[in-house]
Amino acid sequence: MPRLTLVVPAYNVQGYIGECLDSVLGQDFADFEVIGVDDCSPDGSGAILDTYAARDDRLRVLHLTENVGLGRARNAGLELATGDYVLFLDSDDTLAPGSLAAIAARLDATDDPDVLIYDYTRTYWDGRHLRNTRSELLSEDGPAVFSLAERPRLLDLLQIVWNKAYRRDFVSRHGFRFPPGYYEDAPWTYSSLIAAERIAVLDRSCVLYRQRREGGNILRTVSRKHFDVFDQYDRVFAFLEGHPELESWRPALFQKMADHFLTVLEKPGRLPRDARSEFFHRAAEVYRERLPEGFERPPGGRGYKYALLGMDAYSAFFGLTRANNVRHRARLGGRARVGRARRAALGVLYRCGLRMPLDENLAVFSAYWGRGYSCNPAAIEAELGRLAPRMRRVWAVRSEHRDRVPAGVEKVIVGSRAYWTVMARAKYLTNNVNFGDTVVKREGQIHLQTHHGTPLKTMGLDQARYPASTSMDMEKLLRRCDRWDYSLSSNRFSTTVWERVYPCRFTTLETGYPRNDVLVNATAADVVAARRELGLADGTTAFLYMPTHREYEKSFTPRLDLLKLAEDLGPDVTLLVRGHYFYKPAGRLAELRAGGRIIDVSGHGNVEELYLAADALITDYSSAMFDYANLDRPIVIHADDWDTYRVVRGTYFDLMAEPPGAVARTQERLTAILGSDEWRGEKAAALRTAFRKRYCDYDDGRAAERVVRRVFLGEETLLPVVPLAERIPAPSPAEAAARH
């Protein structure tokens, strides 16, 4: 029987639950169990729980067959608990290092109290950490164990369950369970504290309470569900009435109830506007019914509000509230004035366009900061033309890249009159990066963020931890991301990253990457055509070399001696080199280029055609490896600076431990791999198979169709994904040559 049981309910937290579990399972105290409760979550939370459980038998997972809500999910986990003490942890929060050891030590030192209360710290997306403002109430001065009557101000703490350890036999004896609905913590916390005979405190911040930028707290949701607060306090007082020995707590609990009612009334973004008077009148009725004899209202303005509530004086109460909110409205008005000034700076044309109706049949596409026609937006644009030819499709491109848009595709030059006209009127805006800061997100406009890779390296907010790799203003970044309505994902791994590092209110579409459709759908003729366009002779082995950029390097340092590599591999091998740096040819290098032994494909407009043409990919940390893996062809990693890259740029997994194929840390080793069959041997194939299972979840050849049907045609149900084992990638060059 473990010392501690942690109950962790999970619902729509796939971007956070991994960090939560890491913080628990990585504790230096080991005598615990975790009950993970998948509350029938529609995202990947349940699968993530299962993955962790397969690696650590301290975690057990319970999958509920229907969504029951936070309280009842906790109850389900509680039923499976076997520890001496039960702790609750929300799945988007984390434990501070050493917390479980500190909790266990304090329980031992205080001879197993009924309840142990510990502290927490609010953590914010911008890196701020703010400890509980009432942490002084958890001072360990005085008796180590006490009753609530000896320290009644503990009721002034935020009444939450996840900052306490409860002795399990104490919980069982009193039959404590969480009720359904909002504010489910109130009956549990108040009842358990007044019933506890022995309470202890731990003056240590054990829980890191995540303040999600995009919200995520249901109590901040505008809903009639806030009326649940009345049922919850009915339960509090029912417990009190069932325990006459606790009657002395009635005035304190009444005051907590009144304060809670006022909080719901006064907090913006809780009650629908048309429900406020109904809530107030019901609160007034409950106030009068439960008013203890001889109750003294608190002094000052708070007491005045109590009096208005008791008199059911709705108009007077909200007149007072409006007066108190003048400063808040002034702040909001200031923001609105800034917004108006910003919009005015966009120019008369754009400003006028923003006032005109949206064109429901106009869609604007862009990619890589206006650098041409490519990537996911290009694949979506083409599919939109097939499924909805009535829709006007416009490509936004910078002037210097106008020639990279195919003939027949309508284009506008970024910054031109035509550009601002379509940006103001288009119903749909699609990009694989963010549009510029001057673009306004109109009501009714739909922004589709496609991304342009699977993240090995850190992205978004995580980049703030690696200042050598970025000088990005995170607040500005997130304001740009606030415009997203949809975010595409090619695998569950990416989904969890995007939702955490871009904490905004977008909807994730797990469709696969549209640009990768061709890697599944291409025919033998397509593969042969791609090779012929590059001048690759039959029987030639083509290695596509695609190194990534190092943001922390001021100038480019070649990672390979291409001349030596080509000569060492011999005349039957061609290197297709795609990079921004391909240095000027001279001497023997010029001869190799002229003879087709080294081909610079840096300017090639369609990287997917290069994938089709290549027998294998050589890369370092580029996201190309995730796309190319869909072809089920060999991948070789050349990682001479891995130790530096992972420390300076930051990565999400250890590529050396989970590579997609053979790994070389030096050019000599790379030459040995490519000069033998090691690059395509059984070991490399096994690594690639495992890699594909992890990162090729949704790329089955129908991603673009899924996106168009969901976003542009409004179909709610996504097309089912073909399982990985049933997909047939485009044929390899050898297979294509044999068939063609």
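Side-chain polar atoms of Tyr513 and Asn432 form no donor-acceptor pair below 3.5 angstrom. In the model, Asn132 has a side-chain atom that pairs as donor or acceptor with a side-chain atom of Asp119 under 3.5 Å. Side-chain contact annotation: Asp43 with Thr495, donor-acceptor N/O pair under 3.5 Å absent. Side chains of Trp642 and Asp620: no donor on one and acceptor on the other come within 3.5 Å. For the 3.5 Å distance criterion, the side chains of Arg402 and Ser399 qualify, holding a donor opposite an acceptor.
In this structure, Tyr502 and His451 have parallel ring planes: the angle between them is below the 30° cut-off, well short of the 60° mark. Between Phe653 and Tyr695, the ring planes are parallel. Angles under 30° get that label, and only those over 60° would be called perpendicular. In this structure, Tyr373 and Trp395 have tilted ring planes: the angle between them lies in the 30° to 60° band.
Salt-bridge check for Arg500 with Asp462: passed, with a basic side-chain N closer than 4.0 Å to an acidic carboxylate O. Using a cut-off of 4.0 Å between Lys/Arg side-chain N and Asp/Glu carboxylate O, Asp677 and Arg680 are scored as salt-bridged. Asp643 and Arg665 are joined by a salt bridge, as a carboxylate oxygen and a charged side-chain nitrogen come within less than 4.0 angstrom of each other. We find that Glu499 and Arg212 are not joined by a salt bridge, their nearest charged nitrogen and carboxylate oxygen being 4.0 Å or further apart. Between Arg515 and Asp627, at least one side-chain N (NZ, or NE/NH1/NH2) sits under 4.0 Å from a carboxylate O, which counts as a salt bridge.
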Can Val397 and Arg404 be said to form a side-chain contact (heavy atoms from CB on, under 4.5 Å), step by step?
CA-CA 9 Å; Val397 63; Arg404 302 181 70 179; 5.8 Å; no
Stepwise side-chain contact (heavy atoms from CB on, under 4.5 Å) test for Tyr611 and Arg633
CA-CA 10 Å; Tyr611 292 159; Arg633 298 183 193 174; over 6 Å; no
Quick one, Tyr16 with Thr94, criterion side-chain contact (heavy atoms from CB on, under 4.5 Å). Give me CA distance, side-chain angles, the key distance, then yes/no.
CA-CA 9 Å; Tyr16 304 100; Thr94 57; over 6 Å; no
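With Tyr368 as the aromatic partner, Arg371 does not meet the cation-pi criteria of under 6.0 angstrom to the ring centre and within 45 degrees of the ring axis. With a 6.0 Å cutoff to the six-membered ring centre and a 45° limit on the axis angle, Arg694 does not count as a cation-pi contact of Phe691.
When all heavy atoms of Val433 and His452 are compared, the closest pair comes out as CG1-CE1, 3.7 Å. Smallest separation of non-hydrogen atoms from Ala566 and Arg597: O-NH2, 2.7 Å. Nearest heavy atoms, Cys20 versus Ser91: CB-O, 3.4 Å.
Not less than 6.0 angstrom separates the ring centroid of Trp498 from the ring centroid of Phe506.
Under the salt bridge (Lys or Arg N to Asp or Glu O under 4.0 Å) criterion, Glu510 pairs with no residue at all, not counting sequence neighbours.
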